[in-house]
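The structure under discussion appears below in the form of structure tokens.
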Number of protein chains: 2
Amino acid sequence: MAKKIVIVGGVAGGASTAARLRRLDETAEIILLEKGAAISYANCGLPYYIGGTISEREELFLQTPAGMKRRFRIDVRVRHEVLQIDPARRELSVRDHQAERTYSERYDELVLSPGSAPFIPPIPGTGLPQVFTLRNIPDTDRIKEYLAAHPVESALVVGGGFIGLEMAENLAHTAKRVTLLELADQVLANLDYEMAAPVQQELRDQGIELLLGHGLAAIEQAGPRLAATLRDGTKLVADIVILAVGVRPETRLAEAAGLALGSTGAIRVNERLQTSDPHIYAVGDAVEVREWISSRPAWLPLAGPANRQGRLLADILAGREARYPGAQGTAIVKVFDLSAASTGLNEKTLRQWGIPYRSSITHSNSHAGYYPGATPLSIKLLFAPEDGRLLGAQAVGAAGVDKRIDILATAIRFEKTVYDLTDLELAYAPPFSSAKDPVNIAGYTASNILDGAVAVATWEQVAGEPAGSGEPLLLDVREPVEFQLGAIPGAVNLPLDQLRERLAELPQDRPIVAYCQVGLRAYLAARILMQHGFTGVQNLSGGYKTLRAALQ
Amino acid sequence: MAKKIVIVGGVAGGASTAARLRRLDETAEIILLEKGAAISYANCGLPYYIGGTISEREELFLQTPAGMKRRFRIDVRVRHEVLQIDPARRELSVRDHQAERTYSERYDELVLSPGSAPFIPPIPGTGLPQVFTLRNIPDTDRIKEYLAAHPVESALVVGGGFIGLEMAENLAHTAKRVTLLELADQVLANLDYEMAAPVQQELRDQGIELLLGHGLAAIEQAGPRLAATLRDGTKLVADIVILAVGVRPETRLAEAAGLALGSTGAIRVNERLQTSDPHIYAVGDAVEVREWISSRPAWLPLAGPANRQGRLLADILAGREARYPGAQGTAIVKVFDLSAASTGLNEKTLRQWGIPYRSSITHSNSHAGYYPGATPLSIKLLFAPEDGRLLGAQAVGAAGVDKRIDILATAIRFEKTVYDLTDLELAYAPPFSSAKDPVNIAGYTASNILDGAVAVATWEQVAGEPAGSGEPLLLDVREPVEFQLGAIPGAVNLPLDQLRERLAELPQDRPIVAYCQVGLRAYLAARILMQHGFTGVQNLSGGYKTLRAALQ
Ligand SMILES: Cc1cc2nc3c(=O)[nH]c(=O)nc-3n(C[C@H](O)[C@H](O)[C@H](O)COP(=O)(O)OP(=O)(O)OC[C@H]3O[C@@H](n4cnc5c(N)ncnc54)[C@H](O)[C@@H]3O)c2cc1C
Ligand SMILES: Cc1cc2nc3c(=O)[nH]c(=O)nc-3n(C[C@H](O)[C@H](O)[C@H](O)COP(=O)(O)OP(=O)(O)OC[C@H]3O[C@@H](n4cnc5c(N)ncnc54)[C@H](O)[C@@H]3O)c2cc1C
Ligand SMILES: CC(C)(COP(=O)(O)OP(=O)(O)OC[C@H]1O[C@@H](n2cnc3c(N)ncnc32)[C@H](O)[C@@H]1OP(=O)(O)O)[C@@H](O)C(=O)NCCC(=O)NCCS
Ligand SMILES: CC(C)(COP(=O)(O)OP(=O)(O)OC[C@H]1O[C@@H](n2cnc3c(N)ncnc32)[C@H](O)[C@@H]1OP(=O)(O)O)[C@@H](O)C(=O)NCCC(=O)NCCS
């Protein structure tokens, strides 16, 4: 007898499981239960449809219920919501919202891919009609219709994560004033502070009013508009509020059925994506995964892993040997003309988890500087102090960010080191890269730190140190014209190319932090100083560029 | 006493060795001998300067002799040509073209990075003043001046490799007619035929007259113009001829000094980049390397490896443990609006070397199809039949080609398999990729072939097979409207979504080659057929798209 597999949730994880399972098994009975009216939609495109970049609503649907039935012979039931699971009887209670009836459905194996739900902060006013969250098609239609029907002068976006930033950018196409409110002192929690700084600058340059370190306390109706009160009492007026303060795993069904949740609050699954009930599997945003670097439980709600898990689960259900090894949280976001991306762990998390690490920051051109159109690109690497194993990477820039983070994500997946990055043979012609790609340069710089070829100071260390005597000498090795345009207070200017002749001017008994614009010239300076008997020489990692961005 | 290191050649390999060596060792005596007037120039930018994309000549110089002296305290001697090496006495004979004198220079260690030289075909007329090759700054100046001083209606570029294609594109900015002549039946020998086909189409679409399978027999003066005679007797008239029929390693010095050459004709070096003389090292275009996949000797004259070897050699000369493990030949070229790239071995080479392989071709969007601006991207993978180890990869498309080839180059460097590609967690947001990146899809498709989930037919097999009875049935599973717009002669149309209902129409006793536009629907069709008892079912790899491009 063919197995009966019931899948809850018809988008990234659920539809992927269904499609692959049918390819592997023509005879399985596959039922797909989706509480919404649509399946297989592009959640990730929703902000761009709202902003008009994606102009046709139908573009958002990668597959329709009818198409899925025809092509995959899957019993797709939309507007069918699973209300309850009875694991002992292997039975579901299902509400058919169309027919307005509730029925029960048996399963041999159950797949949960219910996704996640926007977190609604427990403050007054979130239920007002001009306050929205964005997760699915109905949310999208609501926002889109509201924008079409009402004059929207000003918009308030609460939350500086991926969706918040995408919504801020897309609302800026319509609204005259967009304010982005973020409780933390930076946007994009996946990045470290100094890597988020250029993104913040871009938001401001593009006219977004950015309020960092501000929490929302209440929203209330103010005539036809809304008044938002911040925790410090500030009041903002807006025509629309988008709440994008994070999502939570959709665990209601699982909890009620007694399935074990993990320490992150998401559903716990083993390497075979099996929950604590052997006949119930789960994938996607609803599950906790093993973080790739640390092997710790983590919650990484992203579309790539959801699709991957969905396909793997089909293999498992079809009886194949397959294991899900974990996720590394590779993510990217476009913010106006910048892209920002990360993979693996960031410095904040490494510190919090007590994992030892070293870091490097480099600035390169997106492609050969002599070929038109090259733009600056910053890469931060985090790596193990003993052997240089990559622990995480971040990249920010106008172009080529996705390429570099994908190369680094690949190296991390294969458990490689910063030394391995120096050996990568990447494609070079002037429109695409340099003979030493920015990833190679990042690898070189990190290996020099590990090898002791140069010691580095971070921008935090330098920013925290008053440049008095006894304290390290801040040595600016840029050209005088650069120095005059802005330098670290207290720094002494001695251009790199005069260094060897003017060594006598420098104190032998005081630590020196050399810096330049991006870190390259100061590295050369440090090498010269170290070989001329100066001890305690450090290079400011990422140079003045990183320091200035972080302090702005 | 400090060591005296003499370097011959002041560009990619030579200057890189010098700079890194100084960083490692402030006391070494480093002499850089360069026969031209410039060092550290961007060879790779020369075609773009000729075409005007790079507008300033000084952009081409990454470093000047004076700058190199100042910054690195290197004794840079330009217009100094090494005429001879006396390995026994560790002495060079050097011609100072400026002072017009010849002197001898001793070395402790000698580094050769003399590069390569354009091959001049042994035919009449290559010495005519309107006939040029392109390797260095003087060549560039000559071409640029010629173009400025003479009306150039039509240009003939001989050779369809990287430089030939770049020159054809850049000359098209000036000349009304550009003809590209190539002896082989395809451009870009690094690609397989069907992957080169879209590049050829692009050249034609952009107005380049492409003559494949044509050799040049002679060039002669025809009034103020040139007449080129092809091997088949055809005559072409042109105002300028660029010879770009390949380069040869610059081995004159090495040979005369009795250094061993490898089987490729380039200088043989060991893993420590040492020639057969223990005090003479060599890097860059002049040396033979170990090909990464096969461990065979190979000649891969590219800027990335030259820079890498130069830096490694400095480490070696400074007494560090370092080894050059070989090169994989990652390369990319922009051809008008297309990019074409490759890494590792191609099918032609694998066949020639008798290395067993399987292949897959997939077509994806450069980023999510629902986000504007996505363009088609084709990926070919070559992999080992036993374990799926990646042997080579090729990619062609308008955007995102460099990213995908770099991810694949990274996987190849780490000796990974097609299965590993399915596990890669790459950065996804709609402007950058899809939830399953094209590299993941290529990995899935290749693993399905290896796992026996589907058998594939190549376009060569299908193109070679008359579709009579007894021969396989060609089953076109696209929609009728697609079929009508063009299909394989003799094929039968049965759309995928009707397949299950119409199985009875298909012969059980005849092999079936299913095909669709790109290979996805026919894969689904094959899975259905295989599970309904049809044997000998194959999917046309790369679909009608690849077949049509190859046959055009
Ligand atoms: C605006 C937005 C932008 C995003 N952008 C990106 C991006 O750029 N990159 C990225 O990697 N990720 C992005 N994501 C996240 C990505 O969409 C999710 O990680 C992915 O969709 C998770 O897949 P899933 O199958 O777990 O859940 P979903 O795709 O959300 O599907 C869950 C489905 O289950 C249904 N369901 C829930 N409970 C029940 C029930 N009881 N009965 C029946 N049906 C039920 C829901 O209606 C829903 O349709 C974005 C998400 C949003 C909302
Ligand atoms: C037009 C063009 C475009 C290119 N595009 C690309 C590209 O897009 N991507 C890529 O990877 N590669 C490209 N290359 C190839 C790349 O430039 C080479 O691989 C690289 O420069 C090799 O470095 P090298 O140090 O071995 O030789 P070179 O960089 O060529 O330097 C050799 C130097 O040695 C000097 N020399 C030779 N003999 C003597 C002597 N006896 N005494 C003193 N000096 C001597 C020469 O004058 C020359 O300056 C391109 C090359 C050209 C010509
Ligand atoms: C639409 C949807 C149901 C399609 O699922 P799918 O059929 O597994 O995925 P695709 O259409 O990408 O096809 C991939 C399959 O085709 C195969 N394939 C792709 N191109 C191929 C080619 N040229 N030749 C042969 N096979 C090919 C792949 O190997 C894969 O098959 P496999 O899993 O059996 O190995 C599913 O992706 C979905 O619902 N997505 C929802 C959108 C989403 O992910 N939202 C969140 C992010 S916005
Ligand atoms: C110009 C030239 C001499 C420079 O050589 P170089 O100094 O080794 O190279 P770069 O300027 O890229 O600097 C790289 C060094 O700076 C370091 N670096 C780069 N950015 C850094 C940063 N932000 N912080 C610290 N160090 C940094 C790297 O680690 C590397 O040092 P290392 O080799 O000791 O590890 C050499 O590249 C050259 O001549 N090129 C010729 C052009 C060419 O390659 N032509 C063919 C292709 S067109």
Side-chain angles (χ1 to χ4, degrees), chain A residues 12 23 26 42 44-45 48 53-54 59-60 70-71 73 162 302-308 325 327-328 330-334 339 341 343 368 370-372 402-403 405-407 409-411 413-414 416 420 423-433 435-436 496-497 500 524 527-528 531-532, chain B residues 12 23 26 42 44-45 48 53-54 59-60 70-71 73 162 302-308 325 327-328 330-334 339 341 343 368 370-372 402-403 405-407 409-411 413-414 416 420 423-433 435-436 496-497 500 524 527-528 531-532:
Chain A
R23 286 192 284 275
E26 271 286 295
C44 319
Y48 297 99
T53 300
I54 298 174
E59 292 277 354
L60 297 173
R70 249 199 324 272
R71 179 148 302 173
R73 244 177 14 105
F162 296 121
L302 289 160
N307 273 267
R308 175 78 189 124
Q328 65 197 76
T330 309
I332 189 166
V333 64
K334 179 178 108 57
S339 319
T343 183
Y370 54 80
Y371 187 89
D402 56 333
K403 172 161 81 171
I405 213 70
D406 278 355
I407 298 167
T410 302
R413 175 64 39 163
F414 297 146
K416 296 294 169 179
D420 294 310
D423 263 331
L424 291 181
E425 198 186 319
L426 303 170
Y428 166 53
F432 305 100
S433 183
K436 284 171 282 195
L496 169 62
D497 289 341
R500 288 191 187 84
L524 303 184
R527 291 298 307 156
I528 294 171
Q531 295 186 62
H532 284 90
Chain B
R23 285 192 284 273
E26 271 286 294
C44 319
Y48 296 99
T53 300
I54 298 174
E59 293 276 354
L60 297 173
R70 250 198 326 270
R71 180 148 301 173
R73 242 175 18 101
F162 296 122
L302 289 160
N307 273 269
R308 176 78 187 124
Q328 65 197 75
T330 310
I332 190 166
V333 64
K334 180 179 105 60
S339 319
T343 183
Y370 54 81
Y371 187 89
D402 55 333
K403 172 162 81 171
I405 213 70
D406 278 355
I407 298 168
T410 302
R413 176 61 42 162
F414 297 146
K416 296 295 168 179
D420 294 311
D423 263 331
L424 291 181
E425 199 186 316
L426 303 170
Y428 165 54
F432 304 101
S433 183
K436 285 171 281 194
L496 170 60
D497 289 341
R500 288 191 187 85
L524 302 184
R527 291 298 307 157
I528 294 171
Q531 295 186 63
H532 284 91

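Computed over heavy atoms, backbone and side chain alike; hydrogens, waters and symmetry mates excluded. Residue numbering restarts at 1 for every chain, and letters A, B, ... go by the order of the sequence lines.
B:A42 is linked by a side chain to side chain contact (heavy atoms under 4.5 Å, CB included) to A:Y370, B:L62, counting only residues two or more places apart in sequence or in another chain. Every residue was checked against the side-chain hydrogen bond (donor to acceptor under 3.5 Å, both in side chains) condition with B:S339, not counting sequence neighbours, and none meets it.
For B:A411 against A:T410, the heavy-atom pair with the smallest separation is N-CG2, 4.4 Å. Nearest heavy atom pair, residue B:C44 against residue A:P430, reads O-CG, 3.2 Å. The minimum heavy-atom distance between A:V333 and B:F432, with the atom names listed, is C-CE1, 4.1 Å.
Counting heavy-atom pairs closer than 4.5 Å to chain B, the top-ranked of the candidates A:T343, A:L524, A:L302 is A:L524. The most heavy-atom pairs under 4.5 Å with chain B, out of A:A327, A:A306, A:P325, come from A:A327. No other option in B:R527, B:R73, B:R23 has as many heavy-atom pairs under 4.5 Å with chain A as B:R23. For the options B:R71, B:E59, B:R70, heavy-atom pairs under 4.5 Å to chain A are most numerous at B:R71. Your options are B:P431, B:A12, B:A409, and the one with the most heavy-atom pairs under 4.5 Å with chain A is B:P431.
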Could you go through the side-chain contact (heavy atoms from CB on, under 4.5 Å) check for A:R308 and B:D423 one step at a time? CA-CA 8 Å; A:R308 175 78 189 124; B:D423 263 331; 3.0 Å; yes

side-chain contact (heavy atoms from CB on, under 4.5 Å) between A:E26 and B:H532: does it pass, once the steps are laid out? CA-CA 8 Å; A:E26 271 286 295; B:H532 284 91; 2.9 Å; yes

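Residue A:E425 holds its CD atom at 10.5 Å from CG of B:D406, rounded to the nearest 0.5 Å.
A donor-acceptor contact shorter than 3.5 Å is absent between the side chain of B:R413 and the backbone of A:L424.
Residues A:D402 and B:L426 form no side-chain contact, since every pair of their non-hydrogen atoms from C-beta on lies 4.5 Å or further apart.
A:I405 touches chain B through its side chain: at least one heavy atom from C-beta onward sits under 4.5 Å away, while N, CA, C and O do not. Heavy atoms of A:Y48 lying under 4.5 Å from chain B belong exclusively to its side chain.
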